[in-house]
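Okay, so here's the structure we're looking at.
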Amino acid sequence: MHHSPLSSVPAPDKGTLALVGHPNVGKSVLFHRLTGTYVNVSNYPGTTVEVARAPSRFDRGTSLLDTPGVLALPSRSNDERATMRALLYENLRLIVQVGDAKNLRRTLNLTALLAELGVPLVVALNMTDEARARGVNVDTAALSEELETPVIATVATGGEGIAALTDAFDHARVPAPLLRYDAETEQVIETVAALLAEGAPHPNLAARGLAILLLGRDEEVEHWLATQPTGVEILTHIHDLAPLAGRDSFPARLARERGDAADALARTVSQQNAAPDRTLSLLLGQTAVHPFWGWPLLLIVLYAVYLFVGDFGAGVLVGLMEENLFQNLINPFVTNFVQSLFGEGWLAQMLVGEYGLWTMGMTYALALILPIVTTFFLAFGVLEDSGYFTRLSVIANRAFAFFGLNGRVVLPMVLGLGCVTMATLTTRILHTPRERLITIFLLALAIPCSAQLGVVLGVLGGFSFAAAALWGLCLVLILFFTGWLAGQLVKGRRVPLVTELPPMRMPVVGNVLKKTGARLKWYLAEVIPLFLLGTFIMFALDRLGALPWIIEAGKPLVTDWLGLPPEASKAFVMGFLRRDFGATGLFVMGAQLSALQAVVGMLTLTLFVPCIASVMMIVKEQGLRIATLMLAIIMPTAFFVGGLLNHFLRLFI
């Protein structure tokens, strides 16, 4: 096959398209449609915490940015600041505002500010199917005429309107302003805009838009201006000018007038009709956030997950994979093949011995963990796509107030059930350093990742639901006690919860399977190498004679204090690499453990050191000193709590 010489020539840089919008309006789904690149797409806010970039499918040389969701501009939170930085420093060709068709007033409130920035704009009015289900009809043609720029109705999850949206990019224009502020405010805006145009012009953004952001006290724009030659002087002048607007807070006045203009335009171009009957969906949505009935529903959901993951995944599927497939067929074949090549020396032992890379590492990863995490990822995806997880933040809000946080914290914690490393990253959606520090500590201490949680359910489910419930109750009590203690020690104020509730819906099978597939790909790529490394370390310790010494040295702690068999020391050695690897070490002990020992062992390992990737992420987010301090607290706490539980339970059993 002959390739054209042009194929090696890099595409010219045509600028950047930035996807901007509120949380949970479908930006990440749309980003996937336009680029083919998967970002963490979920049916709840806060899944995009860094700016994702990828080349577009539709235009060579154009890149797309998926920015974090913004509750409002001027920016206040970390995710809003990240979006503002993208607008300030990217070579913007146009902004694609992704809006919520069922909440047009809120969408237009953001449009009112974006329209002032002087960048061509296309509005993707997303989730029009959900708007229709609620009886909301938006006249997109009338709205496009009012804004003087394309407005396209889309359903990103189903691919509707995507072709029309990409066609509209070539027709994007700088939109008409939605409003003129009152005369006094306009005078201040024009004065500041003139100062910027003369002393610190921005290469992409209009001086008027920057003036409004500065008068609204946007810290990112202030920081940009301070780096300009005459920026500090202009900033001083702005701070002197703002009080001229009167006794009313200038940022509040700007926000109120934008809100009034958005409300007026929304009433003009949209109509609320009688919604189709969605009684069951609404009833489930209301029950999920009810102060009383929300908790029984949560218990029902948790029990269903336990049955699916603990019984079916860890029982039926692991039995088929480990006993029928690996023990009876694959492992004997691999063992015979390796021994026929290398005899029974150290190399064969390293590959297929007791601590063999295949017989332990790959068997643990593929036969024991893979069926469990697959069922957990499926269950997680169903709950995620249904809209249920967002409601957890509402019912948890009052509980988290106990240690000075709000229900928004539950979003990283729920993500932590999938991957603590990713959840640590998503703490950036929280508004204050205090919230982020406490949440990262609780994630590292008391939130099991999907692989470990699946193993825990598998081990404890083999005894009884009561054993799993006791483990869960202990974990919740520890979470609340340490959270309360951290809330007392780390000073700061509690930020009220403000979040968007997506509608409850039947999960989309394609979405669930896509997310499950992506997470399994991550699992195979990240976990298998670490399992193999951990197995090699165990093999080396055994060959050097160190493993029996570790087991003997660990007896006072593991046997006397925790009440576990001496061999459980190996699980804690494995746990240094990954908690789920250590939990699997207890899983294979099976019949050697009593129900009491299983609960104590799994609780101790759950509280044990996070995986290596999580530790590195904590270092990245909080620094080496804080990460070291966290580990110094977490490891002794795990053994202390495990021993207390062991001795307490033995008083009654």
Side-chain angles (χ1 to χ4, degrees), residues 314-315 317-374 451-452 454-455 458-459 462 520-555 558-559 564-593 601 605 611-613:
L317 292 184
V318 168
L320 290 173
M321 289 287 290
E322 199 235 347
E323 295 175 15
N324 296 0
L325 186 60
F326 272 74
Q327 284 189 11
N328 295 340
L329 295 175
I330 296 178
N331 285 359
F333 173 79
V334 173
T335 300
N336 291 334
F337 177 74
V338 169
Q339 289 178 348
S340 69
L341 290 177
F342 306 112
E344 297 187 4
W346 69 269
L347 183 58
Q349 288 298 308
M350 185 181 73
L351 294 174
V352 293
E354 182 181 1
Y355 302 107
L357 295 178
W358 179 267
T359 48
M360 184 181 190
M362 293 302 290
T363 301
Y364 276 21
L366 299 179
L368 297 177
I369 302 292
L370 185 59
I372 294 172
V373 297
T374 300
Q452 186 190 12
V455 177
V459 172
L520 286 175
K521 182 180 177 182
W522 155 81
Y523 165 78
L524 293 171
E526 179 178 298
V527 175
I528 288 179
L530 288 175
F531 271 33
L532 292 176
L533 175 60
T535 302
F536 178 76
I537 291 172
M538 297 295 291
F539 169 77
L541 290 173
D542 185 52
R543 295 286 293 186
L544 294 171
L547 198 56
W549 179 85
I550 291 172
I551 292 173
E552 188 63 30
K555 274 186 179 180
V558 174
T559 305
L564 300 176
E567 293 77 16
S569 297
K570 293 187 288 187
F572 290 101
V573 174
M574 294 153 65
F576 271 102
L577 199 65
R578 279 188 64 96
R579 283 191 294 195
D580 52 317
F581 191 35
T584 310
L586 287 183
F587 184 80
V588 296
M589 292 178 67
Q592 298 180 51
L593 299 176
L605 273 169
C611 69
I612 289 174

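Fair warning: this is a prediction, and the values are worked out from it, not measured in the lab. For this chain, numbers begin at 1 and follow the sequence in order.
Residues Gly545 and Pro548 come closest through the heavy atom pair O-CD, 3.5 Å. Of all heavy-atom pairs spanning Leu325 and Met321, the tightest one is CB-O, 3.2 Å. Of all heavy-atom pairs spanning Leu366 and Pro371, the tightest one is O-CD, 3.4 Å.
Pairs engaging residues 360-373 under the side-chain hydrogen bond (donor to acceptor under 3.5 Å, both in side chains) rule: Asn331-Thr363 [sequence neighbours left out]. Screening residues 340-349 for side-chain hydrogen bond (donor to acceptor under 3.5 Å, both in side chains) gives no qualifying pairs among residues at least two apart or on separate chains. The stretch residues 566-575 participates, sequence neighbours left out, in these side-chain hydrogen bond (donor to acceptor under 3.5 Å, both in side chains) pairs: Tyr355-Lys570.
Inter-residue side-chain proximity for Leu317 and Thr374 is flagged as unmet; no heavy-atom pair is nearer than 4.5 Å. Residues Phe539 and Leu351 have side chains not in contact (no heavy-atom distance under 4.5 Å, counting atoms from C-beta outward).
Legend: residues meeting side chain to side chain contact (heavy atoms under 4.5 Å, CB included) with Lys555, ordered by chain and number and at least two apart, are Glu552, Thr559, Pro566. Under the side chain to side chain donor-acceptor pair (under 3.5 Å) criterion, Gln327 pairs with Glu322, sequence neighbours left out. The side chain to side chain contact (heavy atoms under 4.5 Å, CB included) search around Val334 returns Ile330, Val338, Val352, Trp358, not counting sequence neighbours. Remark: Asn324 engages Leu320, Asn328 in a side chain to side chain contact (heavy atoms under 4.5 Å, CB included) (not counting sequence neighbours). Listed by chain and residue number, nothing satisfies the side chain to side chain donor-acceptor pair (under 3.5 Å) test with Asp542 (two or more places apart in sequence, or in another chain).
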Check: Step by step, would you call Met574 with Met360 a side chain to side chain contact (heavy atoms under 4.5 Å, CB included)?
Finding: CA-CA 12 Å; Met574 294 153 65; Met360 184 181 190; 3.6 Å; yes

Next item on the list: Show your reasoning for whether side chain to side chain contact (heavy atoms under 4.5 Å, CB included) applies to Val318 and Phe587.
Entry: CA-CA 11 Å; Val318 168; Phe587 184 80; 4.1 Å; yes

Next item on the list: May I have the step-by-step check of side chain to side chain contact (heavy atoms under 4.5 Å, CB included) for Leu357 and Met362, ending in yes or no?
Entry: CA-CA 6 Å; Leu357 295 178; Met362 293 302 290; 6.0 Å; no

Below 3.5 Å, can you tabulate the donor-acceptor pairs from side chains in residues 528-537 to any protein atom, sequence neighbours excluded?
from   : atom 1 : to     : atom 2 : distance (Å)
Thr535 : OG1    : Gly361 : N      : 3.4
Thr535 : OG1    : Phe531 : O      : 2.8

